[in-house]
Amino acid sequence: MEEKSLSNLKARKTPDEIIELIVVIMLGITALLTAWGSWIGSLHGGNQATSYTTSNNLASEGNSEYNAGVQQMNQDMLLWNDISDMQMEISFALTGGDDATVDKVCYQLFYKLDENLTERMAEAIGWNYILSEEEVSAPVSTILTWMESDEAYASPFFNEEYVAGYFETANDLLTQSQEALESGKKANANGDAFGLVTVIYSVVLFLLGIVSSFNSTKNKIAVVAISLVAFLFATVYMFTIPMPTGFNIASFFAHG
């Protein structure tokens with residue numbers, strides 16, 4: 001009986017021993033979660049840097065395309081002014097019966113249209129971008145037939161949709177740039193959130209590290225309780241933060 005009672009006493013753990021066991025377990029788990037939070041936060045930081053770089057590159061390309069669109073539009077507007085002047089000259093020559101001038105200006109206008117029009121502008125003013133053999137062999141007739149249509153006299157630059165087409169590529173790139181910027185901001189916010197989690201875990205590690213310095217069991221329990229509350233708060237908060245875009249832990253173990 002005495003041996004059994006002695007073994008029971010040895011089997012029972014004192015409150016300090018129980019606290020010490022809890023502290024050891026919490027230290028291990030907190031250390032692991034701290035490392036996890038730091039790693040995921042760094043991945044968010046990498047996504048942030050990538051998104052910001054992508055945003056800057058897209059913005060640069062978008063601005064370049066915008067400038068190219070402005071340049072192309074200005075060239076087409078100058079071309080349209082020349083076309084309008086020639087159309088007016090042809091109309092006056094037709095009214096005055098000046099066939100020589102009609103033929104001359106029709107030839108000039110034919111080759112100006114054939115050599116300088118973009119496909120978009122040709123479509124907007126009703127000109128065949130790819131001419132048939134018959135049209136090429138009869139420039140005067142081709143011009144006069146074209147001038148009979150209403151599209152030949154309607155400036156495409158009064159059409160907002162047509163003008164917007166010059167900046168379609170630029171606007172698409174700038175939109176992508178803004179989306180990449182917003183993605184970078186989200187990654188930055190998520191990275192900061194994981195940083196806060198690791199700070200809280202660091203506080204937990206500090207509190208757990210000083211538990212043994214207290215002589216009073218009550219004080220030890222109080223410190224462990226505070227540590228546990230902080231640990232639970234940080235853990236719950238961490239699981240509410242989105243993981244990095246495209247995160248797949250299996251990919252980090254892939255080879256080749």
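Each residue takes its place number in the sequence, starting with 1. Just so we're clear, the structure is a prediction, and the values are computed from it rather than from any experiment. Values below: every heavy atom of this structure, side chains too, minus hydrogens, waters and symmetry copies.
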> Does the side chain to side chain contact (heavy atoms under 4.5 Å, CB included) test come out yes or no for W127 and E151, once each step is laid out?
Replying inline: CA-CA 9 Å; W127 177 261; E151 293 175 309; over 6 Å; no

>> With rounding to the nearest 0.5 angstrom, report the CG to CD1 distance, L21 to I18.
In response: 8.5 Å

Name the atoms and distances for all side-chain donor-acceptor pairs under 3.5 Å in residues 57-67, with sequence neighbours left out.
{"from": "N57", "atom 1": "ND2", "to": "T53", "atom 2": "O", "distance (Å)": "3.4"}
{"from": "N63", "atom 1": "ND2", "to": "A59", "atom 2": "O", "distance (Å)": "3.1"}
{"from": "N67", "atom 1": "ND2", "to": "N63", "atom 2": "O", "distance (Å)": "3.3"}

>> Please find the pair of heavy atoms, one from Y153 and one from M147, that lie closest to each other, and give the distance.
In response: CE1-O, 2.8 Å

> Taking all atoms of both residues into account, what is the closest heavy-atom pair of Y107 and V140, and its distance?
Replying inline: CE1-CG2, 3.7 Å

> Which is it for L94 and L144 under the side chain to side chain contact (heavy atoms under 4.5 Å, CB included) test, yes or no, and what are the steps along the way?
Replying inline: CA-CA 10 Å; L94 286 171; L144 294 177; 4.0 Å; yes

>> So which atom in G69 and which in F167 form the shortest heavy-atom distance, rounded to 0.1 Å?
In response: C-CE2, 3.8 Å

> Does the pair S55 and Q178 meet the rule for a side chain to side chain contact (heavy atoms under 4.5 Å, CB included), with working shown?
Replying inline: CA-CA 7 Å; S55 177; Q178 186 61 34; over 6 Å; no

> Any donor-acceptor pair under 3.5 Å linking the side chain of H44 with the backbone of D192?
Replying inline: no

>> Using a strict threshold of under 4.0 Å (side-chain N to carboxylate O), is an ion pair present between K185 and E182?
In response: yes

>> Under the criterion side chain to side chain contact (heavy atoms under 4.5 Å, CB included), I'd like the reasoning laid out for I200 against F231: C-alpha separation, chi angles, the key distance, then a yes or no.
In response: CA-CA 7 Å; I200 297 174; F231 172 84; over 6 Å; no

>> Please enumerate all residues that pass side chain to side chain donor-acceptor pair (under 3.5 Å) together with D76, with sequence neighbours excluded.
In response: Q72, Y166

